[in-house]
Trainee: 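Have a look at this one.
Order of the sequence lines sets the chain letters (A, B, ...), proteins ahead of strands, with each chain counted from 1.
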There are 2 protein chains.
Amino acid sequence: MATINDVARAAGVSPSTVSYVLSGRRPISAQTRERVQAAIAELGFHPHAGARALASSRTNVLALVVPLRTDVNVPVIMQFATAVVTASRTHNHDVLLLTKDEGTAGLERVAHSTMVDALIVMDVERDDVRLQALRKLKQPSVLIGLPEDPAGIACVDLDFEAAAAQALRHLAWHGHRKIALVGPSPAVYKRGTTYAERFLTGFTDASAALDLETMTHPCEPDREGVRACLADIDAQLPGVTALVVHNEEALRMVLEEVQAGGRRVPADISVVAICPRDVALNMPLPLTSVDIPAHDVGGLAVETAMRLLDGRPIEPVRLLPPTLVERESTARPAG
Amino acid sequence: MATINDVARAAGVSPSTVSYVLSGRRPISAQTRERVQAAIAELGFHPHAGARALASSRTNVLALVVPLRTDVNVPVIMQFATAVVTASRTHNHDVLLLTKDEGTAGLERVAHSTMVDALIVMDVERDDVRLQALRKLKQPSVLIGLPEDPAGIACVDLDFEAAAAQALRHLAWHGHRKIALVGPSPAVYKRGTTYAERFLTGFTDASAALDLETMTHPCEPDREGVRACLADIDAQLPGVTALVVHNEEALRMVLEEVQAGGRRVPADISVVAICPRDVALNMPLPLTSVDIPAHDVGGLAVETAMRLLDGRPIEPVRLLPPTLVERESTARPAG
DNA sequence: TTGAAAGCGCTACCAA
DNA sequence: TTGGTAGCGCTTTCAA
């Protein structure tokens with residue numbers, strides 16, 4: 001492998017000049033720059049990442065911590081991950097993939113050994129034990145999610161409260177008054193992933209503000225759970241005309257069970273889903289949905305990390321406004 | 001951050017001794033080792049990854065290249081990825097996540113800049129343009145999949161031919177004679193991901209060997225595609241008593257449409273799925289399935305990379321034998 | 001506009 | 001069993 005010295009020799013300049021051509025950190029005459037670039041191309045030179053990290057204390061690598069549990073929504077995680085990788089590349093960074101099961105130790109390991117410039121952490125819980133460790137690192141971190149006490153750590157996420165409000169406003173505008181929330185599984189609430197709570201809060205608040213008759217119900221994403229959930233809803237809120245479904249795994253089964261019960265969507269009952277666009281589109285019926293913008297959130301997380309690294313100002317907590325797209329699963333209530 | 005010199009001073013030894021305690025590459029007296037380890041713990045010392053890479057030409061990082069298309073089976077990809085990360089950690093390696101869309105350039109970038117010791121590449125196509133680039137790298141690579149010409153590159157995958165044969169043998173043993181394959185979408189075949197072809201070959205060969213009456217049909221994983229596929233099958237193979245489904249996305253819809261057509265599984269028609277265990281278990285009915293052992297394949301890919309790095313012998317192409325588990329979707333044909 | 005050279009923190013060779 | 005030390009390949013300060 002060619003080194004910077006080889007390039008320097010080939011171009012008839014000093015190694016530092018080659019370095020400056022590469023980094024652009026000082027002016028170089030056009031003529032010199034060209035000779036250097038020609039030599040770089042000629043020799044197929046790529047700077048040695050380790051040497052660079054050692055000399056500059058910059059790795060150009062971001063850590064991304066993903067949950068590896070399979071009870072989480074895998075496709076959404078994958079969307080976040082690819083968004084983070086793609087965005088990182090536009091900022092000339094690579095991504096080191098860590099799994100949540102390594103816990104605090106994993107974060108400290110990569111940070112202390114200077115493998116990464118910053119960390120992006122997914123699946124953050126309300127009172128996540130990793131937060132205190134993150135605060136002590138010399139590298140900045142960005143959370144995808146919102147813990148109870150985000151002090152000192154940047155957070156980005158969808159504004160789930162606003163998402164719930166938007167779903168209800170849409171249904172209310174269509175004339176619905178009796179609306180039920182099919183929520184995530186009890187395990188999600190118990191784990192303390194706050195997006196579920198935030199959605200619930202938004203739902204309850206908006207329900208009061210709009211003077212609606214609503215109820216909420218967690219839902220185990222299997223056939224039985226869905227049946228039980230829908231039965232409870234019918235029992236507790238007879239005459240319900242609309243469902244807000246915040247449970248991607250259960251979504252398809254909810255639609256099937258509603259239909260199996262003899263009700264048509266949207267003629268007999270309207271449905272608003274909270275899910276990524278492509279999920280909403282790949283249902284038997286294109287669903288009116290509030291998008292989970294994994295791509296935007298991932299990109300914003302990277303952008304935030306970059307600002308932190310450059311010492312540029314950031315918003316400590318950035319909640320993206322939701323977007324509702326009306327498709328074919330919502331209509332005015334019958335009668 | 002503490003350096004190796006700080007540790008050496010604190011322990012009253014030379015830096016090289018600290019290094020050897022860490023690497024175990026030469027004998028150290030128990031007494032010295034303890035003093036050094038105490039100093040390491042005391043100072044919270046973690047060796048600087050870049051410095052280490054520079055001095056040893058070893059990064060302890062593996063590159064993992066994943067497809068980021070969403071038309072691929074996302075949960076399976078995620079399973080491979082987490083398996084690779086988990087296995088890498090047991091070998092004291094981390095994983096740099098690359099996306100396929102960076103193509104050859106991405107591979108060359110991380111390899112030439114010495115960011116990784118080896119590369120693991122998923123979603124390899126029959127005549128993948130990346131292969132020639134991989135062969136030129138100084139780092140070894142391991143493919144998950146099997147291209148047409150794997151010369152010079154290690155490959156690991158499930159033995160899809162054997163998987164097809166096993167599915168057919170199971171059904172034949174139950175007494176089925178008329179069996180149809182619901183295959184992946186045409187796009188998968190067109191792209192040249194060879195597992196589809198290998199499965200097809202195995203299916204056709206085993207069909208002949210077992211003297212069965214079979215047909216094969218690709219299947220677009222949406223409602224319409226599934227309906228069309230099943231209709232074709234009924235038209236071309238009237239009296240079909242069993243289905244082999246090698247299309248995870250379509251699986252649930254196949255079951256639904258079969259039922260919608262008034263047939264019960266397994267009373268009227270048996271179904272064998274080719275999919276990860278958890279997918280088979282999460283269907284309305286636990287399915288008899290040939291497992292796609294993502295975890296094993298990912299682990300084996302890492303193991304192979306490690307052997308390559310240590311100069312230990314490997315098998316150039318390692319196809320894991322399939323495992324069929326009988327559950328509740330197969331029975332003897334009616335009548 | 002460019003060059004010289006001192007490190008960055010570690011590994012591994014050569015000695016003892 | 002241990003120490004000394006020359007690099008690994010780059011960045012960046014100091015000089016010119």
Trainee: Would you mind telling me which of D:dC8, C:dC8, D:dG3 lies closest to the side-chain atoms of B:Leu54?
Mentor: D:dC8
Trainee: Once you apply a heavy-atom cut-off of 4.0 Å, does B:Ser16 come out as touching a base, just sugar-phosphate, or nothing?
Mentor: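 Base, at least one base heavy atom under 4.0 Å.
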Trainee: Applying a 4.0 Å non-hydrogen cut-off, can you work out what B:Ser57 is touching in the nucleic acid: base, sugar-phosphate, or nothing?
Mentor: nothing
Trainee: Given atom CG of B:Asp6 and atom C1' of C:dC10, what is their separation to the nearest angstrom?
Mentor: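 Answer to the nearest Å: 13 Å.
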Trainee: What integer distance in Å separates A:His46:NE2 from D:dC8:P?
Mentor: 21 Å
Trainee: Name the nucleic acid region contacted by B:Thr3, choosing base, sugar-phosphate or nothing; use a 4.0 angstrom heavy-atom cut-off, strictly under.
Mentor: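 Contact class for B:Thr3: sugar-phosphate only.
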Trainee: Would you call A:Ile144 and A:Ile120 a side-chain contact if the rule is heavy atoms closer than 4.5 Å?
Mentor: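 Yes, side chains in contact.
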Trainee: Test for a donor-acceptor pair under 3.5 Å between the base of C:dC13 and the side chain of B:Tyr20, counting only N and O atoms.
Mentor: yes
Trainee: Using a heavy-atom cut-off of 4.0 Å across all strands, would you classify B:Val18 as base, sugar-phosphate, or nothing?
Mentor: nothing
Trainee: Does B:Arg35 pair with B:Glu42 as a salt bridge, N-O distance under 4.0 Å?
Mentor: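 Not counted as a salt bridge, because no side-chain N and carboxylate O are separated by less than 4.0 Å.
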Trainee: For the pair made of NE2 in B:His112 and P in D:dG9, what is the distance, rounded to whole Å?
Mentor: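 So the NE2-P distance, B:His112 to D:dG9, works out to 15 Å.
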Trainee: With a cut-off of 6.0 Å (strictly less than), are more than 12 heavy atoms of other residues, nucleotides or ligands near NE2 of A:His295?
Mentor: no
Trainee: Return the value, rounded to whole Å, for the distance between atom CZ of A:Arg9 and atom P of D:dG9.
Mentor: 12 Å
Trainee: Under 4.0 Å between a side-chain N or O of B:Ser23 and OP1 or OP2 of C:dT11?
Mentor: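 So the side-chain polar atoms of B:Ser23 never come under 4.0 Å of the phosphate oxygens OP1 or OP2 of C:dT11.
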Trainee: Under a 3.5 Å distance rule, please check whether B:His48 uses its side chain to pair with a backbone N or O of B:Gly50 as donor and acceptor.
Mentor: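 Present.
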Trainee: Taking the minimum atom-to-atom distance to the side chain of A:Arg26, which one of D:dT13, C:dC10, C:dT1 wins?
Mentor: D:dT13
Trainee: Looking at D:dT11, I'd like to know if its phosphate oxygens (OP1 or OP2) sit under 4.0 Å from a side-chain N or O belonging to A:Arg25.
Mentor: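 Result: no.
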Trainee: Measure from CD1 on A:Ile28 to P on D:dT11 and round the result to the nearest Å.
Mentor: 13 Å
Trainee: Side chain of B:Ser56 only, please: which of C:dC10, C:dA12, D:dC10 is the nearest?
Mentor: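 Between C:dC10, C:dA12, D:dC10, the one nearest the side chain of B:Ser56 would be C:dA12.
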Trainee: Is any side-chain heavy atom of B:Leu96 closer than 4.5 Å to one of A:Val95?
Mentor: no
Trainee: Tell me which nucleotide among D:dT2, C:dC10, D:dT13 gets nearest to the side chain of B:Arg52.
Mentor: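 Of all the options, the side chain of B:Arg52 is nearest to C:dC10.
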Trainee: Mind calculating the distance between CZ (B:Arg58) and C1' (C:dC10) to the nearest angstrom?
Mentor: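 Checked: the CZ to C1' distance equals 16 Å.
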Trainee: Measure from the side-chain heavy atoms of A:Pro47 and tell me the nearest of D:dC10, C:dT11, D:dT12.
Mentor: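 Closest nucleotide to the A:Pro47 side chain: D:dC10.
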Trainee: Could you state the CG-C1' distance from A:Asn60 to D:dC10, rounded to the nearest angstrom?
Mentor: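 My rounded result for the distance is 13 Å.
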Trainee: Strictly below 4.0 Å, N to O, side chains only: are B:Glu303 and B:Arg318 in salt-bridge contact?
Mentor: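 Judged by the 4.0 Å cut-off on N to carboxylate O distance, B:Glu303 and B:Arg318 do not form a salt bridge.
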Trainee: Please state how far atom CD1 in B:Ile40 lies from atom C1' in C:dG9, giving the value in whole angstrom units.
Mentor: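 Taking atom C1' of C:dG9 as the reference, CD1 of B:Ile40 is at 14 Å.
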Trainee: Counting heavy atoms from C-beta on, name the nucleotide in D:dT2, D:dC8, D:dT11 closest to the side chain of B:Thr17.
Mentor: D:dT2
Trainee: If you only use heavy atoms from C-beta on, which nucleotide in D:dG9, D:dG4, D:dG7 is closest to the side chain of B:Ser14?
Mentor: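 The closest nucleotide is D:dG4.
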